[in-house]
Visitor: 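One structure coming up, written as structure tokens, with questions to follow.
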Amino acid sequence: MATYPADLRYTREHEWARVEGARARVGITHYAQDQLGDVVFVELPKVGTRVRQMQTFGVVESVKAVSDLFAPLSGEVVEVNSSLTEHPEQVNQDPYGGGWMIIIANADGKELDALMSAAEYEKYLQTAGGPGGH
Amino acid sequence: MAEPEAAALKRTPLHAAHVRRGARMIGFGGWDMPVQYTGIVEEHRTVRSAVGCFDVSHMGEFEFRGPDAERALQRLTTNDVSTLEVGQVQYSLLCYEDGGIVDDLTLYRLAPDHYMMTVNAANIEKDWGWVTEHLDGRVEATNVSAETGLIAVQGPRAEALVGRLADIDVTAIRYYHFSRGRVAGAPSIVSRTGYTGEDGFELYLAASSAERVWDALLAEGKPDGVAPIGLGARDTLRLEMKYALYGNDIDQTTNPLEAGLGWVVKLAKPDFFGRPAIERVKAAGPTRRLVGFEMVDRAVARHGYRLLKEGAAVGQVTSGSYGPAVDHYIGLGYVPVTLSAVGSLLEVEVRGRPQQARVVKTPFYPPKVKKA
């Protein structure tokens, strides 16, 4: 598994979005889960909630820290990964697979332009990234 | 960020060893310390199931020598120093006149007129000021913090591991006692104490030999499943035991009786700092108590969150996290005595929403310390 898959788009707050037709699946990046450490709790919105690009949609908590989650795209939450309630560690183990968080039905395709490609995100991590980088 | 720049942070004698082993470093109480190596949960479980090594060299050590050392320490600390035998360790407190806590500490009687006090890293200067200001009689105090390395070896395999490296019989050391010997060739105080609820030792060494002993423990302990452990797991381990953390659960605004530390306050002994105030609290009864709670709703309680009862604020969370061995979201906090009984239902205000919690019996995890 690539550390930053090329089919994803990335935010500066370390979320990713994968466009799946008219919907976008959302999670946090490898970098984010690694910096957080053991994820022990994920608070997600209810299905039907409307989210706006770069507004908070939930919270992820590791043993030591609480972090807001920012929506990469605007739209309506149409699915929530409820398995994270019992198994938040999936965010660490499989951030782009089992650790996904919500699916947004996206109305505005232009918002994607504001997100980074994998190459741009990796470059961003090297310049703005945290201790050690990757 | 409240922590100073990394360059301004102090380093323990094991700093280079942590960096070399890939630890994630953070500022803690003015020190650049490892928060984790592989992950807090995994490190926590290693200590509960095998053995882990902690660098606690950032903690402070003061020595007291002289014919009046016992009398001076009786006045300074809340526990009864006269009951402390040579070779024994005592958990105790320094209190202000108003009963607030200066620090919690362990006191070692090294010889009849020679004691060592171990204090919290972030409090070394404050404690040294308090102690030296209030010391009287024929007693000489020395702050040996900088020359002293301290390694905690904790877990069910700790006795086997330290035993193989020591030139003394460590199985003969009882809980809260110590012996002197060489560990991996380095002269050491081998103390059967810790902050995890597991059996184990704390090794006091010359700072110059700390790295050699650290490396020897990690090499020799491979068959035991040893791992270096960061401060993150140290915190979750102590939380599962309800061991107080200075600055979170106890401080200058809390008194020993409400913190559940009345057992280290000996009101029958000669006068000591804070006694009149603590006696008043005892006579009137404390108004609040530090309790352990488990979350009923799925939410994580954190230091500083408000505790509510039917929507009204009644106290604050002092420590809270996921407890890896109890597999629950747990916490500590002060609540009015009327709400402190086991089973009492409270709410923790998490991001503006009340989430139900229940007061439970503590420690959360049954201790495995080796009491003879």
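The chains referred to below are lettered A, B, ... by the order of the sequence lines, with proteins before strands, and numbering in each begins at 1. These figures come from a predicted structure and were not determined experimentally.
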Visitor: Working to the nearest 0.5 Å, report the span between NZ of A:Lys64 and CD1 of B:Ile26.
Guide: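 The CD1 atom of B:Ile26 is 7.0 Å from NZ of A:Lys64, to the nearest 0.5 Å.
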Visitor: Select, from B:Gln36, B:Glu42, B:Arg302, the one with the greatest count of heavy-atom pairs under 4.5 Å involving chain A.
Guide: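 Result: the option with the highest number of such pairs is B:Arg302.
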Visitor: Side chain, backbone, both or neither: which part of A:Ser62 has a heavy atom under 4.5 Å from chain B?
Guide: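 Only the backbone of A:Ser62 comes within 4.5 Å of chain B.
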Visitor: Name the region of A:Glu43, side chain, backbone, both or neither, that has any atom closer than 4.5 Å to a heavy atom of chain B.
Guide: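 Looking at A:Glu43, just its side chain touches chain B.
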Visitor: Does B:Tyr329 reach the main-chain N or O of A:Val40 with its side chain, forming a donor-acceptor pair under 3.5 Å?
Guide: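 Answer holds: yes.
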Visitor: Taking only Lys NZ, Arg NE, NH1 and NH2, and the carboxylate oxygens of Asp or Glu, determine whether B:Arg24 and A:Asp34 approach each other closer than 4.0 Å.
Guide: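 Yes, this pair counts.
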Visitor: Which heavy atom in A:Thr85 sits nearest to a heavy atom in B:Arg298, and how many Å separate them?
Guide: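 What the structure gives for the nearest pair is O-NH2, 2.7 Å.
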Visitor: Please check if atom CZ in B:Arg358 has more than 12 non-hydrogen atoms from other residues, nucleotides or ligands closer than 6.0 Å.
Guide: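 Count not over threshold, so no.
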Visitor: Stepwise, does the side chain to side chain contact (heavy atoms under 4.5 Å, CB included) test hold for A:Val63 with B:Thr236?
Guide: CA-CA 8 Å; A:Val63 178; B:Thr236 53; 3.5 Å; yes
Visitor: Step through the shown structure and confirm whether more than 12 heavy atoms of other residues, nucleotides or ligands are within 6.0 Å of CZ on B:Arg20.
Guide: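 For B:Arg20, atom CZ is crowded (more than 12 foreign heavy atoms under 6.0 Å).
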